[in-house]
Undergrad: 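Please find one structure pasted underneath; my questions will follow.
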Amino acid sequence: MSTARRKPYPFSTFEPKWQQHWDRAQTFHAPNPGDPGFDPTKPKYYVLDMFPYPSGAGLHVGHPEGYTATDILSRYKRMRGCNVLHPMGWDAFGLPAEQYAIKTGQHPSVTTAQNVAHFKGQLQRLGFAYDWQREVNTTDPGYFRWTQWIFLQLYHAWFNPETQHAEPISTYKGADVDSVRLAYVSEAPVNWCPALGTVLANEEVIDGKSEVGGHPVERRPMRQWMLRITAYAQRLIDELEGLDWPTGIKLLQQNWIGRSEGAEVHFGVEASEEKITVFTTRPDTLYGATYMVLAPEHPLVERLVTEEQWPDVREYREKTARKSDLERTELAKEKSGVWTGAFALNPVNGERIPIWIADYVLLGYGTGAIMAVPAHDERDWEFARKFALPIREVVSATPRVSVGNKVSCDSEPLECLAGEGFAVNSGPLDGLPTADAKAEISRLLEAQGLGKKTVNYKLRDWLFSRQRYWGEPFPIVWEDGKHRAIPASELPLTPPEMTDFKPTGTSEPPLAKATDWLRYSDKATRETNTMPQWAGSCWYYLRYCDVRNADRFVGTDAENYWMGGGNSGGVDLYVGGTEHAVLHLLYARFWHKVLHDLGHVSTPEPFQRLVNQGLILGEDGQKMSKSRGNVVNPDDVIAEYGADALRGYLMFMGPLEATKPWSMSGVEGITRFLARVWRLVMEEQQDGSWALGPVSAEAVPDKAQLRVLHASVKKVTADIEALSFNTALAQLMVCTNAFVNVSPRPLSAVRTLLTLLNPFSPHLTEELWENLAQRFGDAPGQLADVPWPTWDEALLIDDEIEIVLQVNGKVRDKIIVPKDASRDAVEAQARGSARIAEWTAGKEIKKVVVVPGKLVNIVVA
RNA sequence: GCCGGUGUGGUGAAAUGGCAGACACAACGGACUUAAAAUCCGUUGGCGCGAAAGCGCCGUGCGGGUUCGAGUCCCGCCACCGGUACCA
C-alpha cells in the first residue's frame with residue numbers, strides 16, 4: 001500500500017483529535033440513577049455488543065462490523081434524547097492465555113493485560129462511543145468475586161417443580177439436598193481431552209475433537225460440577241416467545257433444547273425382578289417391538305447378562321468405552337451390538353423379546369434404553385436387518401381392515417415406514433390413526449401402571465468444571481468427601497500465584513499443585529477445578545449497569561433502570577455473531593432466570609432484541625484465514641483510509657445480517673463519498689491546506705433541495721431504527737450529491753446533513769461542525785450533543801406528481817398530474833394520452849385500475 | 001437426512017404487490033492537466049430496429065399458479081452457503 005499517496009481529507013489529524021476530545025470530556029459517560037448529571041426524565045436505551053476475548057492476534061474486521069452498528073444506534077439514540085448505556089469489556093479468562101503461559105512461562109495475567117491494552121487501543125481508534133468508565137474484565141477479582149457469588153446462589157438453590165421456579169435450598173423438604181441443588185456434583189462420563197488435559201462440555205467437542213486445537217477426545221467417568229439447566233428446559237423454550245430475536249435463532253435454541261413428547265413404558269425381564277423402562281415417542285408401536293436395546297454403559301446390563309454372553313458383552317462394552325465420539329459417529333454407518341442373552345417381556349402382550357446392547361442407544365438421553373420397532377424406525381430397521389431380528393408392521397399408511405386376529409403378521413414389510421398412519425396388528429389399537437393410538441395406549445398403560453406420558457429434552461445438564469488454571473476457582477471446600485460452600489464474605493477467591501500451569505497429566509487440575517492455597521483448614525481442602533469461560537460472560541451485561549458496586553453484583557436501582565424494571569425489557573439491542581446463538585445465549589438466559597427467581601434481577605429475560613451480524617469474507621469470497629492470506633487488518637485500513645471510512649464501508653457493504661465479501665475498492669468508494677462531504681464545507685488552498693468553502697448562512701435551499709433534505713431525514717431515521725445502515729448511507733450520498741454543485745451552500749442544509757451523518761462518521765462531521773461554528777459564531781459545542789433533526793412531511797410531496805400509464809401492465813406513457821388530482825381526473829387524463837390511444841386503438845377496454853399517486857393500468861382484450 | 005439462510009447486471013447491492021437494478025464498485029468516453037493522479041461530467045442488464053431523437057421485445061435460479069399487475073404472495077423443484085446429526 002502506498003503511504004505516500006495524499007489523503008483526500010486530513011482524517012489522520014482530526015480523528016485522533018476528536019477521540020481525545022470525547023475521552024477528556026467524557027462525552028459518552030452515562031450517569032446512573034442518583035449520580036450527578038443523571039436526568040430521570042429521559043428514556044433509557046441499552047445497546048450491547050458481545051464482548052471479545054482479547055486474543056494476541058488483535059481485532060479482526062468482524063469485530064468492528066457489529067460494533068459500528070451498535071455505535072451508530074447508540075449515538076443516534078443519544079441525539080434522540082435517550083440515556084444510552086453502551087459499554088465494552090473483556091472476556092479474558094480462557095485457554096489460549098493459559099497455553100501461551102505454558103509455552104513462555106509468562107503469567108496469563110500479564111499477557112491478558114497486554115492483549116486488553118492492544119484491543120482497547122484498536123477500539124478507541126475506531127471512535128466508538130463507549131462509556132469506558134464501565135469497562136469490565138472477567139479476570140478482575142472485583143468482577144469474578146461476583147461470578148463466584150452467583151455460583152453460590154446456584155449452589156444454595158433448587159428448582160421447585162411445583163412453582164417452576166428456583167427457590168432457596170432451605171425450602172426443600174426432602175432428605176438429600178445435594179440431589180436437588182442447581183449446582184451439584186456428578187460422577188458421569190465426560191469428554192476428556194488428554195492433549196488439553198481437561199474435560200470439555202459436549203458443545204466444545206466437534207466431530208470427536210476439541211473445538212480448541214482439534215485434539216482427540218475420549219469418554220471417561222469423572223467427578224464434575226454440573227449446573228441443572230435441564231430444570232429450566234421448558235421455560236427456556238416458552239419464554240423465547242416474547243423476544244425480538246431472529247426466528248432462526250429461536251428455532252436453533254428450541255432444537256437444541258429438543259423437547260419431545262412420548263411415554264415411558266416398563267418392560268419386565270424374564271426370570272428376574274428387574275424392570276427396564278424405555279422412553280418412546282411412538283408408544284402406539286408398542287405391539288411392533290421385536291427386541292430391546294440398552295446403552296452399553298447402562299447399569300442394568302451387568303445384572304441382566306447371561307453367563308455365556310458375558311465375554312461378548314464385556315468385550316463390546318470395552319470397545320465402546322475406548323471409542324472416542326469421533327469413532328462412534330464415523331462408524332455410525334454400520335450398526336453394531338451384541339445380545340445379552342436375556343429376554344424382556346412386552347407389557348401389553350407378554351411377548352418374549354431379546355435384550356441387546358448397542359452404541360446407537362445413548363445413556364444420556366431418555367432412560368438409556370429403547371424398545372426397538374424396526375418396521376417404523378430407520379435405526380431399528382437397519383439394526384434388525386443386520387442381525388436378522390424380526391420386523392413386524394404395526395402401522396399402515398392407509399387404513400386397513402383387520403381380518404379378526406389373522407392379519408398377516410408373519411410377512412415382513414419391505415420397507416421402513418417412520419411416519420404416521422393407522423395401527424394394525426396392535427390389538428385394541430387396530431384401525432386408529434397414529435395420534436389417537438398414542439393417546440389410547442398411553443391411557444391403557446397408565447391405567448395398569450405399566451407406563452405414563454412423559455416429556456423428554458435433548459438438553460443435558462451443563463458440565464461446569466474445567467481442569468485449568470486460568471479460570472474462576474470454585475468457592476467450595478471438601479472435608480471428609482463432602483463439599484460445602486465457603487461464606488460469601490471470603491470472596492473473591494483468587495487463584496494461587498503459580499509458575500507451573502502445566503496439566504498434571506492425570507485428571508487432577510493444575511491447582512492441585514498449589515499446596516498452600518489448597519489447604520483451607522486442618523481438615524478441609526479447596527476445590528481444584530475452575531469454572532469454564534462461559535461463566536464470566538453469563539452476566540457481564542448486568543455488571544455494566546453498576547461496575548463499581550462493591551456490595552452487590554449490581555445495585556438494585558441501577559439494575560431496575562437499565563434493565564427495564566420489570567417491564568419486558570432488559571438489554572434493548574444485543575448484537576453479535578451467530579456462533580453464540582445457542583451456548584452463550586442459552587447459558588446467560590439460564591443464569592438470568594435463576595437470578596430473577598431468587599429476586600436479584602427484575603426481568604425474566606436478559607436480551608429483548610437480538611441481531612446477528614453476518615460474516616465478512618475475504619476479498620476472494622473465502623472465509624478469512626491466515627493460511628489463505630486474505631485477512632484484513634482493521635489497523636491497516638484505518639492508517640490508509642481513516643476510521644470513518646472503515647466504519648462507513650463496513651456499514652455500506654450490504655445488510656448487517658448478510659454474509660458478504662470484503663472489497664478494498666469499496667473502501668475507496670466510501671472514502672470518495674466522505675471526501676465529497678468534506679469538500680462540501682472545506683476548500684483546498686494553494687498551499688494544500690484546507691479552509692472553509694462557500695457556505696452561507698443567508699443562502700436558502702430551493703424546493704427541490706428542501707425535498708431531498710427532508711426525505712433524507714425521514715429515510716435515515718427510519719433506516720437506522722431498522723438497522724438498515726447501507727440504505728441510510730445511500731440516501732446520505734443522494735443528499736450530498738444534491739448539494740455538490742450548489743454555491744454558496746446553505747448553512748442550514750449542510751448542518752442537517754452533517755447531523756444525519758454524525759452517527760456513521762463521527763470524526764469528520766464533528767470537525768466540519770466545529771469549522772462552521774468558528775466561522776458563523778453560532779452553534780457552539782460538539783455535534784454529538786445536537787438534537788436529531790425532524791422532517792416536514794408536507795415538503796416531501798411535490799405539487800405535481802408523475803403517474804405511470806400502463807396498458808395490460810406494461811408501461812406505455814407517463815403523465816404529470818396535480819398532487820391532489822381526483823381519480824376521475826387522472827383517469828380522464830390517462831385516456832387522453834396519445835400513446836395510450838395508440839396501444840388501445842381498436843381494442844375493447846375491459847377495466848381501468850387507478851392507483852392514486854402511482855399509476856393507471858388500462859386492461860384491454 | 002433434518003433445520004435455517006441465500007439465489008436480481010461484470011461486482012457489492014436496492015425495491016409498503018405498482019416504472020426492476022436506487023446508491024456504490026469496476027469498465028468505457030469526455031473535461032481539466034505538458035502528462036499523470038485527484039476532481040468534475042457522461043455512458044453502462046441483454047437482444048433487435050433506427051442516421052438520430054427514439055421505439056420494440058426479453059429479463060430477478062427453474063416450472064406452475066393467484067392477480068389488472070409478482071423480484072415480492074401460493075404450490076412444486078434445483079443450486080449454493082451455514083448449522084446439526086444414531087436424541088428413540
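Protein chains get the first letters and strands the later ones, always in sequence-line order, with residue 1 at the start of each.
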Undergrad: Hey, which of Thr727(A), Leu729(A), Asn726(A) is the one that makes side-chain contact (heavy atoms from CB on, under 4.5 Å) with Asp719(A)?
TA: Thr727(A)
Undergrad: Between the side chains of Asp359(A) and Thr320(A), is a donor N or O closer than 3.5 angstrom to an acceptor N or O?
TA: no
Undergrad: Considering heavy-atom distances to RNA chain B, does Ser665(A) or Arg679(A) have its closest nucleotide positioned more toward the 5' end?
TA: Ser665(A)
Undergrad: When you compare U66(B) with C73(B), how far apart are their C1' atoms, in angstrom units rounded to a whole number?
TA: 8 Å
Undergrad: Is the positively charged end of Lys335(A) above the ring of Tyr360(A), judged by distance under 6.0 angstrom from the centroid and angle within 45° of the axis?
TA: yes
Undergrad: CD1 of Ile670(A) versus P of A13(B): gap in Å, rounded?
TA: 14 Å
Undergrad: Given C68(B), C58(B), A26(B), identify the nucleotide with an atom nearest to the side chain of Lys810(A).
TA: C58(B)
Undergrad: Using Watson-Crick or G-U wobble geometry with both distances below 3.5 Å, tell me the partner of C49(B), or none.
TA: G54(B)
Undergrad: Under 4.0 Å from OP1 or OP2 of G54(B): is there any side-chain N or O of Arg835(A) that close?
TA: no
Undergrad: Quick one: does Gln806(A) reach the base of C19(B) with a side-chain donor-acceptor pair under 3.5 Å?
TA: no
Undergrad: Partner of U8(B) by Watson-Crick or G-U wobble geometry, both contacts under 3.5 Å, or none?
TA: none
Undergrad: Taking atom CG of Asn346(A) and atom OH of Tyr291(A), what is their separation to the nearest 0.5 Å?
TA: 14.5 Å
Undergrad: Taking the P atom in each of G63(B) and C58(B), what is the distance between them to the nearest angstrom?
TA: 15 Å
Undergrad: Any donor-acceptor pair under 3.5 Å between the side chain of Lys814(A) and the base of C19(B)?
TA: yes
Undergrad: Any idea which of U84(B), A24(B), C40(B) is nearest the Asn741(A) side chain?
TA: C40(B)
Undergrad: Rounded off to whole Å, could you give me the CZ-to-C1' distance for the Arg812(A) and G18(B) pair?
TA: 16 Å
Undergrad: Taking only the P atom of each, what is the distance from G46(B) to G83(B) in whole angstrom?
TA: 37 Å
Undergrad: For a quick check, tell me whether the side chain of Lys335(A) and the base of C86(B) share a donor-acceptor pair closer than 3.5 Å.
TA: yes
Undergrad: Mind checking who G69(B) pairs with, Watson-Crick or G-U wobble, both distances under 3.5 Å?
TA: none
Undergrad: Report yes if at least one side-chain N or O of Arg672(A) is closer than 4.0 Å to OP1 or OP2 of C25(B); otherwise report no.
TA: yes
Undergrad: Counting only side-chain nitrogens and oxygens, does Asn255(A) get under 4.0 Å of the OP1 or OP2 atom of G83(B)?
TA: no
Undergrad: Determine whether Ile670(A) and Tyr641(A) make a side-chain contact, defined as any pair of heavy atoms from C-beta on separated by less than 4.5 Å.
TA: no
Undergrad: Counting the atoms with a prime plus P, OP1 and OP2 as sugar-phosphate, which does Ser663(A) contact under 4.0 Å by heavy atoms, base, sugar-phosphate, or nothing?
TA: nothing
Undergrad: Can you tell me which nucleotide in C23(B), C19(B), U16(B) comes closest to the side chain of Val804(A)?
TA: C19(B)
Undergrad: Rounding to a whole Å, what distance do you find between Ile249(A):CD1 and G83(B):P?
TA: 12 Å
Undergrad: Would you check if there is a donor-acceptor pair between the side chains of His376(A) and Thr285(A) at a distance under 3.5 Å?
TA: no
Undergrad: For the P atoms, the ones on G29(B) and on A22(B), what distance do you get once it is rounded to whole angstrom?
TA: 22 Å
Undergrad: Using atom CD1 of Ile257(A) as one end and atom C1' of G83(B) as the other, report the distance to the nearest whole Å.
TA: 16 Å
Undergrad: Under the ring pair (Phe, Tyr, Trp, His ring centres under 6.0 Å) rule, what do Tyr649(A) and Trp662(A) come out as? Steps first, then yes or no, please.
TA: CA-CA 9 Å; Tyr649(A) 175 63; Trp662(A) 182 267; 4.9 Å; yes
Undergrad: With a 4.0 Å limit, can you tell me whether Ser260(A) has a side-chain N or O closer than that to the phosphate oxygens OP1/OP2 of A88(B)?
TA: yes
Undergrad: Checking contacts here: which listed nucleotide (G12(B), C86(B), A15(B)) is nearest the side-chain heavy atoms of Thr727(A)?
TA: A15(B)
Undergrad: What does Gly258(A) touch in the nucleic acid at a heavy-atom separation under 4.0 angstrom: a base, only the sugar-phosphate, or nothing?
TA: nothing
Undergrad: What integer number of Å spans the P atoms of C25(B) and A20(B)?
TA: 25 Å
Undergrad: Glu684(A) CD to A37(B) C1': how many Å, rounded?
TA: 13 Å
Undergrad: Assess whether one donor atom and one acceptor atom, taken from the side chain of Lys660(A) and the base of U6(B), lie less than 3.5 Å apart.
TA: no
Undergrad: Determine the Euclidean distance between corresponding P atoms of U8(B) and C81(B); express it in Å to zero decimal places.
TA: 15 Å
Undergrad: Just checking, is any N or O donor in the side chain of Gln234(A) or Arg259(A) under 3.5 Å from an acceptor N or O on the other one?
TA: yes
Undergrad: Does the plane of the ring in His584(A) sit parallel, tilted or perpendicular to the ring in His580(A)? Use 30° and 60° as the thresholds.
TA: perpendicular
Undergrad: Between G7(B) and C57(B), how far is it from one P atom to the other, in whole Å?
TA: 29 Å
Undergrad: Just N and O in the side chain of Asn737(A): are any of them under 4.0 Å from OP1 or OP2 of A24(B)?
TA: yes
Undergrad: Quick one: which of G69(B), C19(B), G56(B) gets closest to the side chain of Val811(A)?
TA: C19(B)
Undergrad: Would G76(B) be called syn or anti, given that syn covers angles within 90° of 0?
TA: anti
Undergrad: Whole Å only: how far is the NZ atom of Lys847(A) from the P atom of G18(B)?
TA: 17 Å
Undergrad: Would you classify Glu657(A) as touching base, sugar-phosphate or nothing, given that sugar-phosphate means primed atoms plus P, OP1 and OP2, and contacts are heavy atoms under 4.0 Å?
TA: nothing
Undergrad: Which is true for Leu855(A) with a 4.0 Å heavy-atom rule: it touches a base, it touches only sugar-phosphate, or it touches nothing?
TA: base
Undergrad: Given that both distances must come in under 3.5 Å, which nucleotide forms a Watson-Crick or G-U wobble pair with C2(B)?
TA: G83(B)
Undergrad: Does a side-chain N or O of Arg676(A) approach OP1 or OP2 of C23(B) to a distance below 4.0 Å, or not?
TA: no
Undergrad: Measuring from the side chain of Val849(A) (C-beta onward, heavy atoms only), which nucleotide among G18(B), A24(B), A88(B) has the closest atom?
TA: G18(B)
Undergrad: When the C1' atoms of C23(B) and A15(B) are compared, how many Å lie between them, rounded to an integer?
TA: 12 Å
Undergrad: Which comes earlier along RNA chain B counting from the 5' end, the contact point of Asp377(A) or that of Pro655(A), where each point is its nearest nucleotide?
TA: Pro655(A)
Undergrad: Classify the nucleic acid contact of Trp839(A) as base, sugar-phosphate or nothing, counting any heavy atom under 4.0 Å across all strands shown.
TA: sugar-phosphate
Undergrad: Check the distance between G82(B)'s P and His580(A)'s NE2 and give it to me in whole angstrom.
TA: 18 Å
Undergrad: Using side-chain hydrogen bond (donor to acceptor under 3.5 Å, both in side chains), reason through Asp461(A) and Thr230(A) one step at a time and then give a plain yes or no.
TA: CA-CA 5 Å; Asp461(A) 275 339; Thr230(A) 50; 2.6 Å; yes
Undergrad: Could you check which of G83(B), A26(B), A88(B) has an atom nearest any side-chain atom of Leu252(A)?
TA: G83(B)
Undergrad: Classify the nucleic acid contact of Asn456(A) as base, sugar-phosphate or nothing, counting any heavy atom under 4.0 Å across all strands shown.
TA: nothing
Undergrad: Looking at the side chain of Phe652(A), which of A88(B), A24(B), C57(B) is the nearest nucleotide?
TA: A24(B)
Undergrad: Whole-Å distance between A88(B) P and Leu286(A) CG?
TA: 17 Å
Undergrad: Nearest of A88(B), A22(B), U84(B) to any side-chain atom of Tyr365(A)?
TA: A88(B)
